[in-house]
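Atoms considered below: every heavy atom in the structure, side chains included; atoms not considered: hydrogens, waters and symmetry mates.
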Amino acid sequence: QVQLVESGGGLVQAGGSLRLSCAASISIFNFNAMGWYRRAPGKERELVARITSGGGTVYADSVKVRFTISRDNAANTLHLQMNSLKPEDTAMYYCAAAGKYTDYVRGRYDYWGQGTQVTVSS
């Protein structure tokens, strides 16, 4: 059973930074892509950032320049560095991973973490 465990969420003031981590129970070389999604109260889940096994990245327009996604292959961990945080970034953040034949471009992932809460105060 593959597990993804997020950490690093918390309460921060606007303009502050947080670094989220997602630890996988297996080698992340098994995944074709990994991503961070978020869901704010009353809103649908949305893609925050995605990174492929080749290192290609995609970001939501709302987080470009402020957020950086990265993979630590040796530690089997995905990170999301979040800078210049805004109150509208408040949400539950989820890590996701897609196997070789999963259409991650359409938001389909095989594994999901339980989420970590990020709250940004104004």
Would a distance-only check, ignoring hydrogens and angles, find a side-chain to backbone donor-acceptor pair under 3.5 Å from [X] to [Y]?
| X | Y | answer |
| --- | --- | --- |
| Arg19 | Gln81 | no |
| Arg106 | Thr102 | no |
| Asp72 | Thr77 | no |
| Thr119 | Leu11 | no |
| Thr90 | Val120 | yes |
| Asp110 | Gly99 | yes |

Between atom [atom1] of [X] and atom [atom2] of [Y], what is the distance when rounded to the nearest 0.5 Å?
| X | Y | atom1 | atom2 | value |
| --- | --- | --- | --- | --- |
| Asn32 | Lys100 | CG | NZ | 8.5 Å |
| Ser121 | Gln13 | OG | CD | 5.0 Å |
| Ser53 | Arg71 | OG | CZ | 6.0 Å |

Is there a path of hydrophobic side-chain contacts, each under 4.5 Å between heavy atoms of I/L/V/M/F/W/Y residues, joining [Y] to [X]?
| X | Y | value |
| --- | --- | --- |
| Leu85 | Ile69 | yes |
| Leu80 | Val12 | yes |
| Leu47 | Tyr59 | no |
| Ile26 | Ile51 | yes |
| Met92 | Tyr111 | no |

Do [X] and [Y] come close enough that some side-chain heavy atom pair is under 4.5 Å?
| X | Y | answer |
| --- | --- | --- |
| Met82 | Leu20 | yes |
| Phe31 | Val2 | yes |
| Cys95 | Met34 | yes |

| message | List the residues meeting ring pair (Phe, Tyr, Trp, His ring centres under 6.0 Å) with Phe67, not counting sequence neighbours, and say none if there are none. | response |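 With neighbours one apart ignored, the set is empty.
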At their closest point, which heavy atom of [X] faces which heavy atom of [Y], and how far apart are they?
| X | Y | result |
| --- | --- | --- |
| Leu4 | Cys22 | CB-SG, 3.9 Å |
| Arg38 | Ala91 | CB-CB, 3.8 Å |
| Gly35 | Tyr109 | N-CE2, 4.1 Å |
| Ala24 | Ile28 | CB-CG2, 3.7 Å |
| Tyr94 | Gln114 | CE2-O, 3.4 Å |

| field | Side-chain donor-acceptor pair present, Ser17, Asn83, cut-off under 3.5 Å | value |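 Side-chain D/A pair, Ser17 to Asn83: present.
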| Would you say the side-chain atoms of His79 and Ser70 include a donor-acceptor pair closer than 3.5 Å? |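 No donor-acceptor contact under 3.5 Å links the two side chains.
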| request: State plainly whether the residues Arg39 and Glu44 are in salt-bridge range, i.e. N to O under 4.0 Å. | output: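 Looking at Glu44 together with Arg39, the answer is no, because their closest N to O distance does not fall below 4.0 Å.
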| query | Taking 4.0 angstrom as the limit, do Asp89 and Lys86 come out as a salt bridge? | reply |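 Answer for the salt bridge query: no.
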| query | Pick one: which of Tyr93, Tyr104, Trp112 meets ring-ring contact (aromatic ring centres under 6.0 Å, His included) with Tyr37? | reply |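 The option that passes is Trp112.
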| task | State whether the number of non-hydrogen atoms from other residues, nucleotides or ligands found under 6.0 Å of Glu46 atom CD is greater than 12. | result |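 Yes - once you tally the heavy atoms of other residues, nucleotides and ligands closer than 6.0 Å, there are more than 12.
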